[in-house]
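Everything below concerns the one structure shown next.
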Number of protein chains: 2
Amino acid sequence: MVQYLHARLDASFAALSDVTRRGVLEHLGRADASITDLADEFRMTLTGMKKHVSVLEQAGLVVTEKVGRVRTCKLGARRLEEETAWIERYRMQWDERFDELDRVVAERVADELKRKKKNDAYQKRK
Amino acid sequence: MVQYLHARLDASFAALSDVTRRGVLEHLGRADASITDLADEFRMTLTGMKKHVSVLEQAGLVVTEKVGRVRTCKLGARRLEEETAWIERYRMQWDERFDELDRVVAERVADELKRKKKNDAYQKRK
DNA sequence: ATAATACTGAACCATATGGTGCAGTATTTA
DNA sequence: TAAATACTGCACCATATGGTTCAGTATTAT
């Protein structure tokens, strides 16, 4: 299971990296649609849109069903939980990392202050 | 500004769609690293790793600075806020959409029950 | 001064991506 | 039955991606 996680993240982030596909997901969030509907909305050939839908379907973000001659696309079962989890983990690391940098900077500033005080005291004594 | 958002999302989701690059981000979340460090860790030529780092840098996720002969890579200023925001919005839509489906299903079930009751009553009367 | 290190740029390669057009099939509509 | 619709598969195209090697340059260590 775990060994597939990387591939899953690869597929879904790649699916999200195209403005048309994000648009399709947003559309399907509002209403189901046929390939023709989507191709019209995004000014593209049926063949082109079909490819995008396939990418989204591969990533599990969309499911489709063909009844009669029309294939209807809906949102899939995946809610991008793993993707969110990855990003959340990353952000926590990011925060820690920058807090650390802040601490280092703060320390340096404190040292500098101390050095200055000492020096001032020395100057006074002179 | 807004017209660049799509391009930004394209770039960062694409940057995240590669397992090596996600690995690099995780490494940099722990510690800064040179190109050589990263190339070693991910078993890759310097040239190959340099390209990955460039992609991450283009996406604003990493910043680098060359001092002497070594280029040091650190996490960039971007915290993937826009990416998280996009996904969050998507999930809300997703939830709404599936709640709606649930309602529709619930309604259908309720109707079915009603029909059945009526039918039962009819059968009894017979 | 020499040698080793760290990167960089260019060229190359195989494969993937994002599109197109065209020809065909299956399904509806008139 | 004929025409229109909706999709599908294939071939094609230009460009991008993820990698490599090789030949540099600049910096650092011996």
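Here is how names work: the chains are called A, B, and so on, in the same order as the sequence lines, proteins then strands, and each is numbered from 1. What you see below is based on every heavy atom in this structure, not just the backbone, and it leaves out hydrogens, waters and symmetry mates.
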| note | When rounded to whole Å, the CZ to P distance for the pair Phe13(B) and dG18(C) reads 15 Å
| Spacing between Arg69(B) atom CZ and dA6(C) atom C1', to the nearest angstrom | 6 Å
| Cationic N near anionic O, under 4.0 Å, Glu82(A) to Arg8(A) | yes
| request: With DNA chain C as reference, determine whether Leu46(B) or Gly48(A) sits nearer its 5' end, using the nearest nucleotide of each. | output: Leu46(B)
| field | Nucleotide of dA29(D), dT21(D), dG9(C) approaching Thr45(B) most closely (side-chain heavy atoms) | value | dT21(D)
| query | Are any of the side-chain nitrogens in Arg78(A) or Glu83(A) under 4.0 Å away from the carboxylate oxygens of its partner? | reply | yes
| remark: Heavy atoms of Cys73(B) and Ile35(B) approach each other most closely as SG-CD1, 4.0 Å
| In whole angstroms, how far is the C1' atom of dA6(C) from the CG atom of Leu38(B)? | 13 Å
| query | Do Met44(A) and Leu28(A) belong to the same hydrophobic cluster, where Ile, Leu, Val, Met, Phe, Trp and Tyr are linked whenever their side-chain heavy atoms lie under 4.5 Å apart, directly or via other members? | reply | yes
| Counting only N and O atoms by type, is there a donor-acceptor contact under 3.5 Å from the side chain of Arg21(B) to the main-chain atoms of Ala14(B)? | yes
Between N or O atoms, less than 3.5 Å apart, protein on one side and nucleotides 10-17 of chain D on the other: list the pairs.
none

| In terms of side-chain heavy atoms of His52(B), which of dG21(C), dT28(C), dG18(D) is nearest? | dG18(D)
| Do you know which two heavy atoms are closest between Arg97(B) and Arg30(A), and how far apart they sit? | NH1-O, 3.6 Å
| field | Rounded distance in Å - NZ (Lys66(A)) to C1' (dG9(D)) | value | 11 Å
| task | Tell me what Ile35(B) touches on the nucleic acid: a base, only sugar-phosphate, or nothing, going by heavy atoms under 4.0 Å. | result | sugar-phosphate
| With distance as the sole test, does Asp10(A) use its side chain to make a donor-acceptor pair with the main-chain N or O of Ala7(A) at under 3.5 Å? | no
| field | Lys50(A), nearest nucleotide to its side chain (from dG9(D), dA4(D), dG19(C)) | value | dG9(D)
| Atom CZ of Phe42(B) to atom P of dG19(D): distance rounded to whole Å? | 11 Å
| task | Round to a whole Å and report the spacing from CE of Met49(A) to P of dT5(D). | result | 20 Å
